[in-house]
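First listed ligand is number 1; within each ligand, the first listed atom is number 1. Along the sequence shown, residues carry numbers from 1.
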Amino acid sequence: MGTSAAPDSSRFRVLVVEDDDVIGHHLETGLRGNGYSTAWRRTGAAALTEATRATPYDALLLDLGLPDMDGLDVARNLRGRFRDLLIVVLTARTDDIDIIAGLDAGADDYLVKPFSLTVLLARLRAHLRRRTLTAPAQRQPIPLGDLVIDPAARRCHLHGVEVPLRPKEFELLALLARHADEAVSRETLMAEVWDENWFGSTKTLDVTMAALRRRLAEAAETAPGPSRLPRITTLRGHGYRLER
Ligand code: CA
């Protein structure tokens, strides 16, 4: 990680949702200047309309304080419809609870204002690179008991029924599965699943792990028969281990 070539940004479409003229203009020109195809909308309603056009967006930069609706509702709405959309929340709210709410609403990442364009671009590159460059050796389906993880399709099935996972939940599970029965440190997980330059709270990892466990448990409950699921053990002070 960190040394691979930057992805060709001209292939990526980024929708900026921001009611502040200065920030919105700054983001739009900054993204365009770096080769991204970009549109800027000032309200939640306009963003929802734009995001559901024929050509899908790759990423959404989403201000939480919008004039017509809560940005969290925009995130929830679009996450429900576009599983692979990268959602980065832009927030002036520094309380952990708001950041957790954003991640729970389906955001993949967040930036606290004021943030630098350089940091934003680095995060975008890291996210989009992971999305496009998955080594062929890492693309084979991984069977874990009655659970099958398919990295190529970015899907996970239990007894043939798809387990609905958000992008980061899937990446976390896939990474642990590739290292099944090994201890994986929190630092490795943060670096591989989020950003090699991560300097924010690792609460993101805890929230995503809790959601992943919840979704697997729910899938097991609704499965037609008894299910053999891998166990994800918390290693205090270190990280996690997925056990077959
Ligand atoms: Ca705002």
Does a salt bridge link Asp181 with Arg241, judged by any charged N lying under 4.0 Å from a carboxylate O? no
Kindly give the heavy-atom pair with the smallest separation between Val193 and Glu171, and that separation in Å. O-OE1, 3.5 Å
Carboxylate-amine/guanidinium proximity below 4.0 Å for Glu18 and Lys113: yes
So, are Glu169 and Arg166 salt-bridged, with charged N and O less than 4.0 Å apart? yes
Considering just N/O/S atoms, say which atom of Asp63 is closest to the Ca ion (ligand 1). OD2
Do you see an N/O/S atom of Gly65, backbone or side chain, under 3.0 Å from the Ca ion (ligand 1)? yes
Check Asp19 and report its N/O/S atom nearest to the Ca ion (ligand 1), by atom name. OD1
